[in-house]
Amino acid sequence: MTTAHIDEQAEKLIVSGAGPRPASAVLEGPRARVTGRITGGGKTWKATFVLRAARWVGAELPLPSGEYVLHVDGEDLSALDLPSHLLARLRISLRGSHVVIAPPLSDEDASDDGQAALESRYVSEQGGDENAVFFESFYGQSAGCNPRAIDREIARRAPGVTRYWSVVDLSVPVPEGAVAVVEGSPQWWRARGAARLLVVNDWLRRRFVRKSGQKVLQTWHGTPLKRLALHRPGFDPRRMAAIVKESRRWDVLLAQNLYSERILKKAYAFFGKPIWTDGYPRNDMLVTGDGAATREALGIGADERVLLYAPTWRDDRAEMVDFVDPQRLAEDADAVVLVRGHSRTLRQGKDHGGARVIDVTGFPETARLLLIADALITDYSSVMFDFSVTGKPMFFLVPDMEHYRGQLRGFYFDLAARAPGPLVTSQDELVAALRDESVTGRFAPRYAAWRAQFNRLDDGRAAERVVSRILDLGYLDAR
């Protein structure tokens, strides 16, 4: 009979059985895979699964939350049944071959009543008095984007400031010296209320109560092509009320350029408060960085051509669009293809695989990927306004443009008329465009005009400017 138990101290799942030693044992989820170490044989065997993994040559961290499938070759696992085990860095339960990994919250804290109690305490307590920053990027699914670049500059110039990072679970790597706080935990609620400054790149969500002296810097996460917030198609009074309520929580809004400043101010009814138009801190490394370490982390040779496919998400689907066959593209273009789904598809989707294909949806910093890419393939994503800092070629795969522009979101300007690269509607057209040596010259005038409008402030010093404002205004104490 096959049995299972948890080694809580070592954070391991151990499956045991009688009979010949299985040929393989795997625990597989949508964004992580662990191969079991099989020992024994003859009369009994044991498969040990370490519940952590190292990705991108980083530290070993707990497995991402989600549903996993346990497979042990030749074994019937249907009788396995383990109740929820709370470990130091994750929670795990098992029924048959179905394994669920969750954030390390106690039963009480994870319950509706527990969260209500923690929220009530957060609301009632004083706060905003700790010389600390509470960072959140894409709802805690990563520790990247503008908040990460600001974190790095604060760490350099004000090392005495405590830096908390909101994370969905402890699989999310945070910057060196920062403190990870799992969303919904008592530590998360406390840090959110205690920090003098909150730096976020999306909505705050949950209940937010401003404490005395507390400031919120909303960095946002891209220059918009697609219509945002109050500018989105359709009239929805509840959505409009939510947008205005959210923007009133922000004290300062960061914009990449004057074009974004004008749009964000109106789209979020952000009137009467400062907008810092300082360029995007996340793009500093595109000017000052070196991609050698990132290529090494991803196992890409120094001379290999790299194509980055990074489409935006769609309002009418949960997973990433499937307009590209990554392996066929890698073969046809003789390149390594990096697949980067939008943050909103991270939990719903599953890693792409294939020869010379690397799914980097979970990679912590988009800018590091842009730095090593020889060309970008995108659609309506704001990544186009970041990649243009590099001056390298861009290609726009837009087979659904009429539907997206006309029904889903709408555009602020005519992409076809201004795009700094060719628009294509199929993978065959894309490959032909990638092989066309005249593309760079033909689009050079558009590219120059694009960079003049959108990247004038992306000079490698945006984080420096933003942190100087933070310190000069006394939002944090640099001593």
Side-chain angles (χ1 to χ4, degrees), residues 1-18 21-22 24-73 75 77 79-111 114-115 118 140 143 164-191 362 364:
M1 179 180 177
T2 307
T3 61
H5 71 276
I6 302 295
D7 182 336
E8 296 188 6
Q9 186 172 4
E11 293 184 332
K12 295 177 179 178
L13 167 65
I14 300 171
V15 181
S16 305
R21 179 169 164 171
S24 63
V26 176
L27 179 64
E28 186 165 18
R31 299 291 182 188
R33 185 177 189 272
V34 176
T35 300
R37 178 175 174 266
I38 304 173
T39 55
K43 291 185 177 181
T44 62
W45 56 267
K46 182 169 68 176
T48 302
F49 300 88
V50 178
L51 300 175
R52 56 186 182 272
R55 299 193 77 183
W56 328 122
V57 195
E60 279 197 340
L61 294 170
L63 296 178
S65 299
E67 298 185 356
Y68 290 70
V69 175
L70 176 64
H71 176 78
V72 179
D73 189 53
E75 295 296 319
L77 307 180
L80 295 182
D81 192 5
L82 282 179
S84 180
H85 280 64
L86 178 60
L87 311 184
R89 300 192 296 171
L90 56 79
R91 174 187 287 277
I92 181 171
S93 61
L94 182 153
R95 175 162 292 182
S97 61
H98 182 66
V99 178
V100 176
I101 292 177
L105 300 181
S106 69
D107 289 337
E108 180 182 357
D109 289 340
S111 69
Q115 283 300 295
L118 290 169
Y164 297 109
W165 271 91
S166 169
V167 294
V168 293
D169 59 37
L170 293 176
S171 73
V172 179
V174 300
E176 182 180 356
V179 179
V181 286
V182 176
E183 181 181 353
S185 67
Q187 297 81 7
W188 183 87
W189 283 106
R190 192 210 68 80

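- Distance CG/Leu90 to CG/Leu105: 11.5 Å, rounded to 0.5 Å.
- Smallest separation of non-hydrogen atoms from Leu170 and Ala180: CD2-CB, 4.0 Å.
- Note that the OG1 atom of Thr35 and the CD atom of Glu28 stand 9.0 Å from one another [nearest 0.5 Å].
- Results of the side chain to side chain contact (heavy atoms under 4.5 Å, CB included) test with Leu27 over Val50, Leu51, Leu94, Val15 single out Leu51 as the only residue that passes.
- Taking all atoms of both residues into account, the shortest heavy-atom contact from Gln115 to Trp189 is OE1-NE1, 3.3 Å.
- Pro186 is listed as a side-chain neighbour of Leu118, based on a closest heavy-atom distance under 4.5 Å.
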- Query: Given Arg91 and Asp107, is the side chain to side chain contact (heavy atoms under 4.5 Å, CB included) satisfied, shown in steps?
  - Reply: CA-CA 10 Å; Arg91 174 187 287 277; Asp107 289 337; 3.1 Å; yes
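- A distance of 7.0 Å separates OG in Ser93 from NE2 in His98, rounded to the nearest 0.5 Å.
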- Message: Please evaluate residues Ile6 and Leu13 with respect to the criterion side chain to side chain contact (heavy atoms under 4.5 Å, CB included), reporting the C-alpha separation (whole Å), side-chain torsions for both, the decisive distance (0.1 Å), and the verdict.
- Response: CA-CA 5 Å; Ile6 302 295; Leu13 167 65; 3.7 Å; yes
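- Atoms CZ and NZ, on Arg37 and Lys12 in that order, are 7.5 Å from each other to the nearest 0.5 Å.
- By the neighbour-count criterion of 12 heavy atoms within 6.0 Å, atom CD of Gln9 is sparsely surrounded, having that number or fewer from other residues, nucleotides or ligands.
- Contact record, Val72 with Trp45: CG1-CH2, 3.8 Å, taken as the closest heavy-atom pair.
- Listed here is the closest heavy atom pair of Gly29 and Tyr68: N-CD2, 3.2 Å.
- The shortest non-hydrogen separation linking Glu67 to Pro30 is O-CD, 3.5 Å.
- Contact check for Val182 versus Gln187: no side-chain heavy atoms found under the 4.5 Å cut-off.
- Residue His71 holds its NE2 atom at 9.5 Å from CD of Glu75, rounded to the nearest 0.5 Å.
- Between the NE2 atom in His5 and the CD1 atom in Ile14 there is a gap of 3.5 Å [rounded to 0.5 Å].
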- Under the side chain to side chain contact (heavy atoms under 4.5 Å, CB included) criterion, do Ile92 and Val99 qualify, and how do the steps go? CA-CA 7 Å; Ile92 181 171; Val99 178; 3.9 Å; yes
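- Heavy atoms of other residues, nucleotides or ligands lying less than 6.0 angstrom from CD of Glu108 number 12 at most.
- The shortest heavy-atom contact between Lys46 and Ser16 is CG-OG, 3.9 Å.
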- Task: List the steps and the verdict of side chain to side chain contact (heavy atoms under 4.5 Å, CB included) for Leu61 and Arg52.
- Result: CA-CA 5 Å; Leu61 294 170; Arg52 56 186 182 272; 5.9 Å; no
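- Side-chain contact between Leu80 and Leu70 is present, with heavy atoms from C-beta onward closer than 4.5 Å.
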